[in-house]
Peer 1: 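Here's a structure for you.
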Amino acid sequence: MASYSAPLRDMRFVYHELFDSSDISALPGFEEATPDLIDAVLEEAAKVCENELFPINRSGDEEGCRYHQGGEVTTPSGFRECYRAYAEAGWIGLSSDPQYGGQGLPAAISTLLEEMVCSSNIAFGTYVGLSRGAYRAIAAFGNDTLKTRYLPKLTSGEWSGTMCLTEPQCGTDLGLLRTRAEPNADGSYRVTGNKIFISAGEHDLTENIIHLVLARLPDAPAGVRGISLFLVPKFLPNPDGDPGERNGVLCTALENKMGIKASATCAMSFDQATGWLIGSAHKGMQAMFVMMNDARLGVGVQGLGLSESAYQAAVEYARERLQGRSVTGTKHPDKPADPILVHPDIRRTLLTMRALTEGNRAMATWIARHLDLRERAEDETTRASANDFVQLMTPIAKAFFTDYGFDITNMGLQVYGGHGYIRENGVEQYVRDSRIAQIYEGANGVQALDLVGRKVPAHTGRYLRQFFHPVQSWIESHAFTPALQPFVMPLAKAFGRLQLATGHIAQVGLKNPNEAAAASSEYLRLFGLVALGYLWARMVEVALTHENGADQGFYDAKVATARHYMERILPQTGSLFAAIMAGASTMMDFPDEAF
Amino acid sequence: MSFGQSIIFNEIQGVSHQMKILVPIKRVIDANIKVRVKSDQSGVELNNVKMAMNPFCEIAVEAALRLREAGEAEEVIVVCAGPANGKETLRTALAMGADRAIHIESEDSPEPLAVAKLLKAVVEREKPGLVILGKQAIDGDNNQTGQMLSALLNWSLGTFISRLSVEDGAFHVTREVDGGLENLKLSGPAVVTVDLRLNEPRYASLPNIMKAKKKPMEELTAAALDVDITPRLTVLKVEAPASRSAGVRVHDAAELVDKLKNEAKVI
């Protein structure tokens, strides 16, 4: 049976040591986010995740959600109690505005909390994650009435939120959307249409559910420029703010699916449901993208969270499973066989899982810090460049963390062998649960297109500078530090490949967009691997300053893991580079009828 | 203080809603960590080991908070004696909901008698109506401090309690004793030490963690309290327990009885 213990030491390392957390606590409103407070918050969050969320993870998967006649949905045993405790303890409002009852802590801390939640119970995490998305969209685009009415309840967790985008004929291409909204005399709207794949669309965790629905106004232009965003509550709030009359929104079915079975995936029917416009008419996509961009980093963190759980489970099993003898001779003569941890291929697997997971944690924190800088930095330039960085890195984090999330959970299963394939040990659930993260919030292929089609060319490469410049200058300033040689050299080589590939795609993509699109997934992977290479090199730089000090084992392991990354993982940039440079012809010249 | 004086004192103070509760807590190695003996056998390894509040102390804090929430007390004061990082443990108690904290700094963790003397001094300053302690700390397993404190104060004592309530101005406790459960009525002020089944400690809520930073933490020293905490015990050597040897399978009950009688010599 797998267990989970939050990686607090590594989280503290990334938050306080790899990056300088004092620049975050210096931001206006974050004065209280001192290191001791942050540590106390993370420690208590870890207890809640380990002792409350994790124990109902596997039972939630076995039991799943249930649909009842009349459109009610019940969550698995224990979820209601757990949700109530989680909400009452204030965790949902961790980074929400104190004006609405939140605690106003940095997004960088919220991201670490999200990781722990996803590691311990990703299905549970979907409910609170969607509420956070709804909160952000209303906070950014809603008028004061909507904010006052809905944000306090979304912050306290008394109410939850959803994002209603997908329709049967309309998935990635939102231009095909059909749901209609017609104005009422009092300024509200009547929303009518069918939505599918709505996570947390209906459940028994909260007294009200606030749907954010994309729909078309009667005078809307066709395509994505004619979409508006509406707030449609399950129960219309009374003047006193409590849930009143039932609105015309109903869950008509629950999907049976591969993973995250304790998360209710609903088909929703809106029948003249009363709603209110969020933001301007026909500008719904803009508002939705605020929600989506944050949600994409959140989905990336789901991949990261499951990678950590899978790694911990795999290490535990590799230590206790006795099979065969070390190929160089018996290591544990007192036992009937050696633990499988002695075998090189098991060690390769575990170190690969670890190097990618810790690297991704560093990258998630790196991006999340920029969310805080973007929102709160006092000078305009810092805010603008932080936004550029977030724009650039979000599709990479989403696709890279979740592709590896699936690969890493699968590696974890492989360490367990047959004992991973059976359900009892809980590691096959990680594989199934991680799979969706590659798909929702924009499939990973769409993330790659977003990267090469929008983010790289944006403002003639302006976003790129936020990554290329710091990496370039770090390499230059550390190129002659002897202790860092084994790390700077491979990084410089991989970084060179990324620069060349970027120039190449920009050039050929201008002439033939198929060329850029065909290279996009490999390019995103290449980008992610180089970003991790940079972060690993920097982690080594920090770790080496602790030689012969306290906590030596932790820092030594950092350096050793970095070596595995540089020598065994980063070289993959070579084959990715070759594939990118080969161009689109193999796939684009292949006749359609030959498939 | 003579016994007679104590009775008079009890009658004057009794159990009032204005009561303060003092909860002494200890910082120990986290209960989930495997403890390792230092290579020089002078003690156990504490460097880079995760520390936490002693689990019995968490139960004591929870009990005090529940009494305050029930309106039986007005203030919960937590106190910790030991190295500076004990303040982190005090913050944890403040985040659970305690009102203020007192830290008595010393280089090492004082022995039970020294702690009891320090607590007596704190009690005389703070005048609580009730002191709630864990029955023991999971590091030393001494199970002494509460008893010693009650003797030094000449206060009523209830050890190993699994139930605690205030009724008609007295503390009603259920003790877990070898023979079963024992119900006692204690006149206040009193010292109680808590057992595992008394309650399940709460998690600190996020707003309370934030508030804990601003709650008062008084810093004292043994010298300021005029207490001598010089160790009276000498640790000769610390060793890990011998690993268990393999068991043997017996063929019948007679063989078992024979082995218990002649080999193990336990019957």
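Worth knowing before you read on, the calculation uses all heavy atoms, side chains too, and leaves out hydrogens, waters and symmetry mates. Note on naming: letters A, B, ... go to the chains in the order of the sequence lines (proteins, then strands), and numbering restarts at 1 for each one.
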Peer 1: Look at atom CZ of B:Arg36 and say whether more than 12 heavy atoms of other residues, nucleotides or ligands are closer to it than 6.0 Å.
Peer 2: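 Atom CZ in B:Arg36 is not packed in, count stays at 12 or less.
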Peer 1: Could you look at A:Asn51 and say if it's the side chain, the backbone, both or neither that has a heavy atom under 4.5 Å from chain B?
Peer 2: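 A:Asn51 touches chain B through backbone and side-chain heavy atoms alike.
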Peer 1: Counting only non-hydrogen atoms closer than 4.5 Å, does A:Leu94 touch chain B with its backbone (N, CA, C, O), its side chain (CB onward), both, or neither?
Peer 2: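 Both backbone and side chain of A:Leu94 come within 4.5 Å of chain B.
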Peer 1: Quick one: list whatever passes salt bridge (charged side-chain N to carboxylate O under 4.0 Å, His left out) with A:Glu358, sequence neighbours left out.
Peer 2: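 Here the qualifying residues are A:Arg354, A:Lys558.
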Peer 1: Only heavy atoms, only distances under 4.5 angstrom. Which residues in residues 192-220 of chain B are near chain A?
Peer 2: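 If one takes a 4.5 Å heavy-atom cut-off, the residues of residues 192-220 of chain B near chain A are B:Tyr203, B:Ala204, B:Ser205, B:Leu206, B:Pro207, B:Ile209, B:Met210, B:Lys213, B:Lys214.
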